Protein chains: 2
Amino acid sequence: MQNALILHIKKFISLEPSDIDKLESCLELSKIKKKEQILKEGQICNTMYFITKGCIRQYIINSKGVEQTLQFGIENWWITDYLSYHNDVASSFYLQAVENSEVIAIDKTILESLLIEIPNLEMYFRIVMQKSFGAMQMRIKFLFTMSAEERYHHFNDHFPEFVQRVPQYMLASYLDFSAEFMSKIRAGKV
Amino acid sequence: MQNALILHIKKFISLEPSDIDKLESCLELSKIKKKEQILKEGQICNTMYFITKGCIRQYIINSKGVEQTLQFGIENWWITDYLSYHNDVASSFYLQAVENSEVIAIDKTILESLLIEIPNLEMYFRIVMQKSFGAMQMRIKFLFTMSAEERYHHFNDHFPEFVQRVPQYMLASYLDFSAEFMSKIRAGKV
DNA sequence: GGAATTTCTTGAAGTAGTTCAAGTTTTTAA
DNA sequence: TTAAAAACTTGAACTACTTCAAGAAATTCC
């Protein structure tokens, strides 16, 4: 079976066989155990992660010492701290495996030279980023216009299988309300 | 003086003189009067706008009939509904000039052929999108971890000149609190 | 398979915000 | 230059959530 990343790229652009060889020679699959962190606050993030299996979350620890999940990534998503990656500054985030996961980690330097060798790849990343940004615009819309209960039901309706995969308290903080309140929503006690 | 977009592009990539000619021949400057809408909810957005002067906001009208500003764009920013643009679906948003503004509007079809003629441009857009996405990740962080008052002061400290440019009620909704509450924050009555 | 850990639930009390309504100030435009 | 419209302010009442604390249930792992 072909590499999941190559398959994903081919959904958006065409690749010469020689490009595929070049690309594959640069990819390194790595396994990440549940709860393992692949990025910590304060580190400079110089890696992009393509998730081939499992789930990675981006979170912070807020001023009260409580974890706050800001983003989930699952199969066929890229995840990184884009600001730290781009500007070589200390990251504000943690990246951690929610389940035992597998990722393709590409180092910034390697990716940059790959993008020069395979110019077509630029289009792939441009499209992926535009789609991600579009999704983020919608997320802001939902956060701004829906009540906590509406956000929960909306998410539950659209991603029912995903809701099963992550602890409720992580999902609650991703949807920007407390774990206790989520419990009450689920019990119909609001 | 050279086109503001060309100058912006040159900050990120190099362009051959012939590319500049090609590019410039495709650009169309357009003026947008204050309050004029360049996109309405329900329309398919097939244009990207590069703001050369003024300020454009993205907003929605919520279920109570109240406008909610989700994003501002100023000079040297791109603005569009990326989801609608990418998937050719009806937009959920309005785009409207906050001040008399000037934009360079590029139609999707024209941009796509430009990207093929000038492959280097892909890199420009990829980088711009990555930076935008990074900024959005930080915005989510601020929304999730700061109180209304903290968000106001943080924004005020980082973008004092911008705060002067937009009506307070728009800024309040961008920071996700009510105009009345903003008034009280400013008066120190919280 | 049982202890330890992690996750989820529940109710009571508290609070950071909203909503409403009315008045004031500022800006726009003819 | 003035009338109309837009933007801002204020206080009082309200509410959608949070916080805390404690117990119950589920999961993990020697």
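Proteins get letters first, then strands, A, B, ... in listed order; numbering begins at 1 in each. Everything quoted here is computed from the prediction, not taken from an experiment. Every heavy atom of this structure was used, including side-chain atoms; hydrogens, water molecules and symmetry mates were not.
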dT19(D) phosphate, OP1 or OP2, under 4.0 Å from K64(A) side-chain N/O
yes
Aromatic ring pairing F155(B)/F159(B), orientation class (parallel under 30°, perpendicular over 60°, tilted between)
tilted
Could you state the CE-P distance from M182(B) to dT19(C), rounded to the nearest angstrom?
17 Å
Path from I79(B) to F144(A) over hydrophobic side-chain contacts below 4.5 Å
no
Using whole Å, what does the distance between atom C1' of nucleotide dT19(D) and atom CG of N62(A) come to?
13 Å
Do F133(B) and F133(A) have ring centres separated by under 6.0 Å?
no
Please determine whether a side-chain nitrogen or oxygen atom of Q168(B) lies at a distance below 4.0 Å from atom OP1 or OP2 of dA6(D).
no
Under 3.5 Å side-chain donor-acceptor pair for Q43(A) and Y94(A):
no
Between E150(A) (CD) and dC17(D) (C1'), how many Å, whole number?
14 Å
Could you walk me through whether Q58(A) and Y174(A) pass side chain to side chain donor-acceptor pair (under 3.5 Å), step by step?
CA-CA 10 Å; Q58(A) 180 197 54; Y174(A) 173 79; over 6 Å; no
Separation of F177(B) atom CZ from dA16(D) atom C1', in whole Å?
18 Å
Atom CD of Q164(A) and atom P of dT7(C): how far apart are they, to the nearest Å?
16 Å
More than 12 foreign heavy atoms under 6.0 Å from CD of E28(A): is that the case here?
no
Report which part of the nucleic acid F181(A) touches: base, sugar-phosphate, or nothing (heavy-atom distance under 4.0 Å, all strands).
base
More than 12 heavy atoms of other groups within 6.0 Å of E16(B) CD
no
Return the value, rounded to whole Å, for the distance between atom CE of M170(A) and atom C1' of dC8(C).
14 Å
Map E180(A) and Y169(A) onto DNA chain C by nearest heavy atom, then report which one ends up closer to the 5' terminus.
Y169(A)
By nearest-nucleotide position on DNA chain D, the 5'-leaning member of K184(B) and K184(A) is K184(B)
For nucleotides 24-30 of chain C, list the nitrogen or oxygen atoms of the protein found under 3.5 Å from its nitrogen or oxygen atoms, one pair per line.
| residue | atom | partner | partner atom | Å |
| --- | --- | --- | --- | --- |
| dT28(C) | OP1 | K34(B) | NZ | 3.2 |

Just the rounded figure in Å: distance from C1' of dC17(D) to OH of Y152(A).
17 Å
For R151(A) and dC17(D), give me the distance from atom CZ to atom C1', rounded to whole Å.
10 Å
